[in-house]
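This chain uses plain numbering: 1 for the first residue, then up along the sequence. Remember, it's 1-based here, ligands and their atoms both numbered in the order they're listed.
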Amino acid sequence: MNADPQEIAKFSELAHRWWDPESEFRPLHQINPLRLDWIETHQRVAGKRVLDVGCGGGILSDAMARRGAHVLGIDLSSKALKVAQLHAMEAATPSVEFREVAVEALAQEGSAQFDMITCMEMLEHVPDPSSIVGACATLVKPGGWLFFSTLNRNAKSFLFAIIGAEHVLKLLPKGTHEYAKFIRPSELAQWCRSSGLELTDTRGMEYNPITRRYWLSGDTSVNYMIACRKPA
Ligand code: SAH
């Protein structure tokens, strides 16, 4: 199985705090509207069948469902999925389901099942991210869209995402990220191309520790997202 049990355990341990906007998950809550608005500049989610890979407690899944998408969120942390399910029930979120299944296993159940696929802040936690990209490429319909986000690998991302975020600002627990697993945009682009996807757009995300705000920018040196499409 293409998953690191220690990574899954890390997220499971914190899962009960997933929907606390001041918890370890504050950064995800803060970037959520930014990434969803950016996704929707490419493709509106309303009425679309969307797969959210590595959905965790469901912050993005939930927001997409509220904008009218039919969402399936998948993850391998059963605790995170329970939290996602409970939150959807309490908040009466329409059209969202969660399942504990590996994306590669879902791809074996059938190809071209989804109009859109999101896989955010997850690739840097798996042993073989290219296999995740490949399974996503199988699962998206021809003409469909895929959105990935992760952390770049360079001296600045080490300084900002590990030293800054985990040790100085303490935005994230120590050990959340492992530098060697960070992914250069060129590597992610190569995996997408080898899976037959066309790269459409790249966007950076920046953070100001004084104002405690994130914004989208052209600077992909730390946090970034890419949009790609499966040819019709
Ligand atoms: N995508 C969500 C959560 C990101 S946290 C968001 O951006 O809001 C990373 C998530 O990836 C965790 O929930 C963790 O359990 C999950 N994860 C790690 N390895 C995985 C794997 N191999 N398959 C599915 N999910 C995985």
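By the 30° and 60° cut-offs, the orientation of the rings of Trp38 relative to His42 is perpendicular.
For the residue pair Ser12 / Ser77, a side-chain donor-acceptor distance below 3.5 Å is found, with atom types taken as modelled. At a cut-off of 3.5 Å, with distance as the only test, a side-chain donor of Ser221 or Asp219 sits close to an acceptor on the other residue. Remark: the Ser157 side chain and the Asn152 side chain contain no N/O donor-acceptor pair separated by less than 3.5 Å.
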Verdict with supporting geometry, Asp115 and Arg49, salt bridge (Lys or Arg N to Asp or Glu O under 4.0 Å): CA-CA 5 Å; Asp115 302 303; Arg49 175 118 182 93; over 6 Å; no

Step-by-step salt bridge (Lys or Arg N to Asp or Glu O under 4.0 Å) determination, Glu7 to Lys181: CA-CA 12 Å; Glu7 289 277 4; Lys181 286 183 164 166; 3.3 Å; yes

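For ligand 1, the protein residues placed under 4.0 Å by at least one non-hydrogen atom are Asn2, Ala3, Ile8, Phe11, Trp18, Leu28, Arg35, Gly54, Cys55, Gly56, Asp75, Leu76, Ser77, Met120, Glu121, Met122, Val126.
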